[in-house]
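For reference, positions follow the sequence shown, starting with 1. All figures in this text were calculated on a predicted structure; none of them were measured in a lab. Each ligand, and each atom within it, is numbered from 1 in the order the structure gives.
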Amino acid sequence: IDFKTTMASVEFPSIFLNASGVNCMTVAEMDEMINAACTGGVVTKSATPQQREGNPQPRYYQLEHGSINSMGLPNAGFPYYLDYVTKEHAKPTILSVAGLQMSDNIELLHKIQASEYTGLTELNLSCPNVIGKPQVAYDFEETDALLAEIFSFYTKPLGVKLPPYFDLVHFDQMAAILNKYPLTHINTVNSVGNGLWIDIDTEKVVIKPKQGFGGLGGAMILPTALANVRAFRQRLNPSIKIIGTGGVTSGKDVFMHLLCGADMVSVGTALLHEGVGIFQRLTDELAAIMAEKGYTSIEDFRGKVQDF
Ligand SMILES: CC(C)(C)CCc1c(C(=O)O)[nH]c(=O)[nH]c1=O
């Protein structure tokens, strides 16, 4: 079964990637992703201009059906990741960036534009906005203005990482904005924002930052992830590819993301729990499903989920 795919004329040897933030903080982790079986390449942790320690721990907690995190953008800093992706690797890289303020986003993309890097970049639109306003991706005017400024100078392959949306009108509004720009892809979904979990023995929340509020990942967000992949596939120009992220733990989940129209699939929570061996398992499980159904290529069913 041929799982390679092409995005922005970059050939990925497999459809599988890590979700930014997982298994991608250090050179060792990124090399491990690239060297693992059945991976398409690696997505870096979202890079900020300077190195960051991130939030106090515990900042990640495993739940029965997923995870909750408020990491606080710990990362080695933009130069570290730009240096890594600019080097030669056996598989493609996606450089993820996240400004802590709007000017950071512009500055980071100017630096990438001026650099030797020719691969894909992904702008994390869950980045913070001005105080008192929601994350950029939930501020449609701000998103439009930011993308307009970026594409006034940026000519390299660029995609955006999106949080989940929950209102069909928001899908319409966001897709209308994204369709205005020559994006290579969207990556949907980021964690489901501001969940909360409690340890009833101690009667305390389970993570220290933000009074226990954190982004949800893992199996419990799969229905939200599938809806976002399908909604954007239905609305976006075909030229904008989709990396489906969220809730993938098995070949069945991968199959559902692909039925909704995903071009590639990334794994976060389950990768953290299982390690990079998960990609061989997902490949084998997807291949078994395809064989059982008589599919010989992902093109036989990609985006072909049927209405009831
Ligand atoms: C949530 C932000 C800290 C603004 C961005 C980084 C990020 C984090 C994080 O570093 O806390 N966790 C996620 O699940 N998704 C993200 O995009």
Side-chain angles (χ1 to χ4, degrees), residues 17-26 29-30 42-63 65-78 80-81 94-105 108 121-139 142-143 146 159-165 185-197 205-222 224-225 228 243-248 266-273:
L17 294 166
N18 62 295
S20 177
V22 180
N23 221 99
C24 60
M25 289 279 286
T26 64
E29 287 183 337
M30 293 185 283
V42 62
V43 184
T44 74
K45 169 66 183 176
S46 294
T48 53
Q50 276 82 37
Q51 181 267 348
R52 285 171 56 85
E53 289 305 307
N55 288 334
Q57 301 188 15
R59 58 194 190 185
Y60 176 90
Y61 187 84
Q62 185 175 324
L63 303 170
H65 300 294
S67 64
I68 184 168
N69 91 82
S70 185
M71 308 302 285
L73 265 172
N75 75 99
F78 175 72
Y80 181 97
Y81 299 102
I94 299 181
L95 172 59
S96 176
V97 291
L100 296 166
Q101 56 194 2
M102 298 309 282
S103 54
D104 283 352
N105 292 312
L108 290 170
T121 293
E122 197 171 274
L123 175 61
N124 184 347
L125 287 180
S126 285
C127 51
N129 200 340
V130 295
I131 307 294
K133 295 181 82 176
Q135 61 173 285
V136 173
Y138 287 162
D139 180 341
E142 199 60 46
T143 295
L146 174 59
V160 290
K161 179 72 172 284
L162 300 176
Y165 298 90
H185 73 281
I186 67 167
N187 187 332
T188 180
V189 295
N190 204 324
S191 50
V192 171
N194 295 307
L196 188 109
W197 192 251
V205 297
V206 294
I207 56 174
K208 183 166 184 147
K210 290 178 59 176
Q211 295 187 292
F213 288 80
L216 304 177
M220 64 178 149
I221 75 162
L222 181 59
T224 292
N228 278 260
I243 299 176
T245 303
V248 172
S266 79
V267 185
T269 300
L271 168 58
L272 187 63
H273 299 168

Using the test ring-ring contact (aromatic ring centres under 6.0 Å, His included), find all partners of Y165 that sit at least two apart in sequence or belong to another chain.
Y138, F232
Is there any N or O on [X] that sits under 3.5 Å from an N or O of ligand 1?
X: L73; result: yes
X: M71; result: yes
X: C127; result: no

Under the salt bridge (Lys or Arg N to Asp or Glu O under 4.0 Å) test, which residues partner K133, sequence neighbours left out?
D139, E142
Looking at ligand 1, does G21 have a heavy atom less than 4.0 Å from it?
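False for this residue.
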Under 4.0 Å from a heavy atom of [X]: give me the atoms of ligand 1 that qualify, with their elements.
X: S126; answer: 4 (C)
X: N69; answer: 8 (C), 9 (C), 11 (O), 12 (N), 13 (C), 14 (O)
X: S191; answer: 13 (C), 14 (O), 15 (N)

Pick out which of I68, V205, N194, I207 makes a side chain to side chain contact (heavy atoms under 4.5 Å, CB included) with F213.
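Of I68, V205, N194, I207, side chain to side chain contact (heavy atoms under 4.5 Å, CB included) with F213 is met by N194 alone.
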Using the rule side chain to side chain contact (heavy atoms under 4.5 Å, CB included), only one of L271, I94, N18 pairs with C24; which is it?
N18
Can you tell which part of N124 has a heavy atom less than 4.0 Å from ligand 1: side chain, backbone, both or neither?
side chain
Give the residue and atom name of whichever protein heavy atom lies nearest to atom 15 (N) of ligand 1, and the separation in Å to one decimal.
N190 OD1, 2.8 Å
Atom 7 (C) of ligand 1 [closest protein heavy-atom partner, distance rounded to 0.1 Å]:
K45 NZ, 4.3 Å
To the closest 0.5 Å, what do you measure between CG (L216) and CG (N190)?
11.5 Å
Are more than 12 heavy atoms, taken from residues, nucleotides or ligands other than Q101, located less than 6.0 Å from that residue's CD atom?
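Count over threshold, so yes.
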Determine, step by step, whether E122 and S96 satisfy the side-chain hydrogen bond (donor to acceptor under 3.5 Å, both in side chains) criterion, reporting the C-alpha distance in whole Å, the side-chain angles of both residues, the deciding distance to 0.1 Å, and the verdict.
CA-CA 5 Å; E122 197 171 274; S96 176; 4.8 Å; no
